[in-house]
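Following: one structure in structure tokens, then a few remarks.
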Amino acid sequence: MTNSIQTAELVKVAELVRVRIIASESGVSRLPRQRVHVVRATLLIVMAFLATEVANCGELQLKLSNAERVTFVGAFRRWDADGNPLKPVNPKAKIETPEVDAQAESNEEGLWTFRKLLPGRYDLVLLAKDRVRIEGFHYPPITEFDPALPSNAPAPPDEVRDWIRKDIAAARHYENKVTPLFMTGDRKQVRVFMQLLRDDTTSFDADFGAPVATLRHEFWQYTNRAGGWVKERKTKVVDRLLTAKSELHRWTWVWIPELGGIEMADKPVRISYQIPRTFRPASTSGLIPGLSP
């Protein structure tokens with residue numbers, strides 16, 4: 001059974017409350033009678049909430065083509081409705097072990113199924129043999145009152161996109177390879193999905209025992225203020241990795257819009273995706289061995 005991390009935490013809370021009640025009734029803990037009533041009421045509220053959440057869970061099916069080499073399919077529930085991360089970014093994360101909120105089960109026909117997903121937006125991630133990671137995304141709110149945007153939201157006008165690309169290229173960054181992977185927006189506001197890679201020499205090399213690379217993915221936002229574009233200071237970090245440079249450059253890690261922002265409620269959802277036999281730079285955004293910027 002696949003449940004979100006929030007449900008797991010609520011189950012822990014419910015268990016702690018239950019233990020406190022048992023301890024009080026057995027005389028191990030001397031809680032005042034009024035506090036015992038409060039604790040019991042809290043337990044009932046938590047259990048009622050859990051029952052409602054389970055009732056609202058939905059099933060997500062992913063039909064894959066060319067999936068012979070796929071070994072893992074998982075789902076992230078990264079953001080709440082306001083764009084706040086549902087769990088902190090792990091700086092020790094590994095590219096080969098995504099820290100997902102749910103994992104799918106497969107059958108012989110290439111159908112991967114998530115059961116009992118809580119309501120919310122999910123991004124899928126696939127792992128395949130020969131160091132391949134395929135991942136979805138959607139645009140979370142960046143500043144207050146921003147809406148969440150689907151990954152296939154319209155791109156900004158060409159002249160706006162070109163200006164933002166030039167601004168990013170001209171800015172100073174710690175990373176030596178800073179790449180806008182996707183953009184969405186209009187003439188007033190643009191959201192950018194960024195890939196920031198440093199594979200030049202770093203101070204981490206000596207501690208790591210080998211040349212290392214740092215990689216992270218973020219969402220940036222540009223706002224048109226009085227006719228001039230300004231990058232917002234606030235960003236949203238998706239992930240952060242530190243790994244051996246030689247190992248990272250052996251990976252294919254690509255981002256696929258249609259695998260992100262999947263809205264789940266209490267109804268079944270089914271999507272399909274055909275995995276390319278090869279990932280070509282002209283039609284792919286992310287890391288490709290020997291071809292990434």
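Computation of the quantities below employed the complete heavy-atom set of this structure, encompassing side-chain atoms and omitting hydrogens, waters and symmetry-equivalent molecules.
- Using a 4.5 Å cut-off on side-chain heavy atoms (C-beta onward), Trp253 and Ile288 make no contact.
- Each of Leu181 and Met183 belongs to its own hydrophobic cluster when Ile, Leu, Val, Met, Phe, Trp and Tyr are linked at side-chain heavy-atom distances under 4.5 angstrom.
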### Task
Start with the C-alpha gap between Lys267 and Glu59, add the side-chain angles, then the distance that decides, and say whether salt bridge (Lys or Arg N to Asp or Glu O under 4.0 Å) holds.
CA-CA 7 Å; Lys267 303 296 183 184; Glu59 181 177 274; over 6 Å; no

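- Looking only at atom types and distance, the side chain of Thr214 has no donor-acceptor partner in the side chain of Glu175 under 3.5 Å away.
- The backbone N or O of Glu247 sits nowhere less than 3.5 Å from a side-chain atom of Arg131 that would complete a donor-acceptor pair.
- A heavy-atom distance below 4.5 Å is not found between the side chains of Arg240 and Asn90.
- Both Ile164 and Val178 belong to a single network of hydrophobic side chains, linked directly or stepwise wherever heavy atoms of I, L, V, M, F, W or Y lie under 4.5 Å apart.
- Residues Leu62 and Leu60 share a single hydrophobic cluster, defined by chaining ILVMFWY side chains whose heavy atoms lie under 4.5 Å apart.
- Remark: side-chain polar atoms of Lys236 are paired, donor with acceptor, to backbone N or O of Pro141 under 3.5 angstrom.
- With a 4.5 Å cut-off on side-chain heavy atoms, Arg270 and Leu111 count as touching.
- Side-chain atoms of Arg198 come within 3.5 Å of backbone N or O of Tyr174 as a donor-acceptor pair.
- The distance from atom OG1 of Thr71 to atom CG of Leu126, rounded to the nearest 0.5 Å, is 9.0 Å.
- Closest non-hydrogen pair, Trp220 versus Ile168, comes out as CZ3-CG1, 4.0 Å.
- The shortest distance between side-chain heavy atoms of Lys245 and Val212 does not fall below 4.5 Å.
- A donor-acceptor pair under 3.5 Å links the side-chain atoms of Arg77 to the main chain of Pro119, judged by distance alone.
- Thr184 places a side-chain N or O within 3.5 Å of a backbone atom of Pro154 that can act as its donor or acceptor partner.
- When the side chains of ILVMFWY residues are joined at heavy-atom separations under 4.5 Å, either directly or via intervening members, Val89 and Phe76 end up in two distinct hydrophobic clusters.
- Asn107 contributes a side-chain N or O that, together with a main-chain N or O of Glu109, makes up a donor-acceptor pair within less than 3.5 Å.
- In this structure, a donor-acceptor pair under 3.5 Å is absent between the side chains of Asn224 and Gln189.
- With sequence neighbours excluded, no residue forms a ring-ring contact (aromatic ring centres under 6.0 Å, His included) with Trp112.
- When atom types are taken as modelled, the side chain of Asp239 and the backbone of His217 share a donor-acceptor pair closer than 3.5 angstrom.
- The closest donor-acceptor contact from the side chain of Asp123 to the backbone of Gly261 lies under 3.5 Å.
- The pair Asp158-Arg161 meets the salt-bridge criterion, with a side-chain N (NZ, NE, NH1 or NH2) lying under 4.0 Å from an Asp/Glu carboxylate O.
- Leu86 places none of its side-chain heavy atoms less than 4.5 Å from the side chain of Trp79.
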### Task
For Val70 and Lys129, run side-chain contact (heavy atoms from CB on, under 4.5 Å): C-alpha distance rounded to whole Å, both residues' side-chain angles, the deciding distance at 0.1 Å, then the answer.
CA-CA 6 Å; Val70 173; Lys129 295 177 181 178; over 6 Å; no

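- Environment of CZ in Phe204: sparse, with no more than 12 heavy atoms of neighbouring residues, nucleotides or ligands closer than 6.0 Å.
- Minimum interatomic distance between Tyr122 and Ala75 (heavy atoms only, all atoms of both residues): CD2-CB, 3.9 Å.
- Between Phe219 and Tyr139, the distance from one ring center to the other falls under 6.0 angstrom.
- Contact check on Lys92 versus Glu99 returns no salt bridge, with no Lys/Arg side-chain nitrogen under 4.0 Å from an Asp/Glu carboxylate oxygen.
- In this structure a side-chain-to-backbone donor-acceptor pair under 3.5 Å is present from Asn176 to Asp199.
- Within the model, atoms OG1 of Thr278 and CZ of Arg280 stand 4.0 Å from one another, a figure rounded to the nearest 0.5 Å.
- Distance check: Thr97 OG1 to Leu127 CG gives 8.5 Å after rounding to the nearest 0.5 Å.
- With values rounded to the nearest 0.5 angstrom, Leu241 atom CG is found 8.0 Å from Leu248 atom CG.
- A salt bridge does not link Lys177 with Asp200: none of the charged nitrogens is closer than 4.0 Å to a carboxylate oxygen.
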### Task
List the steps, then state whether side-chain contact (heavy atoms from CB on, under 4.5 Å) holds for Met194 with Thr235.
CA-CA 10 Å; Met194 296 294 304; Thr235 65; over 6 Å; no

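- Residues Pro98 and Phe72 share a closest heavy-atom pair of CG-CE2, 4.4 Å.
- Within the 4.5 Å cutoff, the side chain of Val160 has heavy atoms near those of the Trp229 side chain.
- Between His138 and Leu149, the closest side-chain pair of non-hydrogen atoms is not below 4.5 Å.
- With a 4.5 Å cut-off on side-chain heavy atoms, Arg121 and Arg78 do not count as touching.
- Phe182 pairs by the ring-ring contact (aromatic ring centres under 6.0 Å, His included) definition with Phe137, not counting sequence neighbours.
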### Message
I'd like to know whether Tyr222 forms a side-chain contact (heavy atoms from CB on, under 4.5 Å) with Asp167, so could you lay out the CA-CA distance, the side-chain angles of the two residues, the decisive distance to 0.1 Å, and finally the verdict.
### Response
CA-CA 11 Å; Tyr222 280 80; Asp167 183 70; 2.7 Å; yes

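- Using modelled atom types, one side-chain atom of Ser151 and one backbone atom of Pro257 make a donor-acceptor pair closer than 3.5 Å.
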### Task
Could you walk me through whether Glu68 and Arg277 pass salt bridge (Lys or Arg N to Asp or Glu O under 4.0 Å), step by step?
CA-CA 11 Å; Glu68 301 84 5; Arg277 293 297 184 185; 3.5 Å; yes

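- For the atom pair Leu215 CG and Ile95 CD1, the distance stands at 7.0 Å (nearest 0.5 Å).
- The OG1 atom of Thr223 sits 9.5 Å away from the CZ atom of Arg191 when rounded to the nearest 0.5 Å.
- Closest approach of Met264 to Leu118, counting heavy atoms only: CB-O, 4.0 Å.
- A salt bridge is defined here as a Lys NZ or Arg NE, NH1 or NH2 lying under 4.0 Å from an Asp or Glu carboxylate O, and Lys234 with Glu144 fails to meet this definition.
- Applying side-chain contact (heavy atoms from CB on, under 4.5 Å) to Leu124 and the options Ile271, Val100, Ile256 leaves one that passes, Ile271.
- Trp255 and Val192 sit in two unconnected hydrophobic clusters of ILVMFWY residues. Membership requires side-chain heavy atoms under 4.5 Å apart, directly or through other members.
- The heavy-atom pair separating Ser246 from Arg250 by the smallest distance is O-CG, 3.1 Å.
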### Task
Begin with the C-alpha distance, continue with both residues' side-chain angles, and end with the deciding distance and a verdict on side-chain contact (heavy atoms from CB on, under 4.5 Å) for Val238 and Glu218.
CA-CA 5 Å; Val238 178; Glu218 295 184 351; 6.0 Å; no

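- In plain terms, the two heavy atoms of Trp251 and Val132 that are nearest each other are CZ3-N, 3.6 Å.
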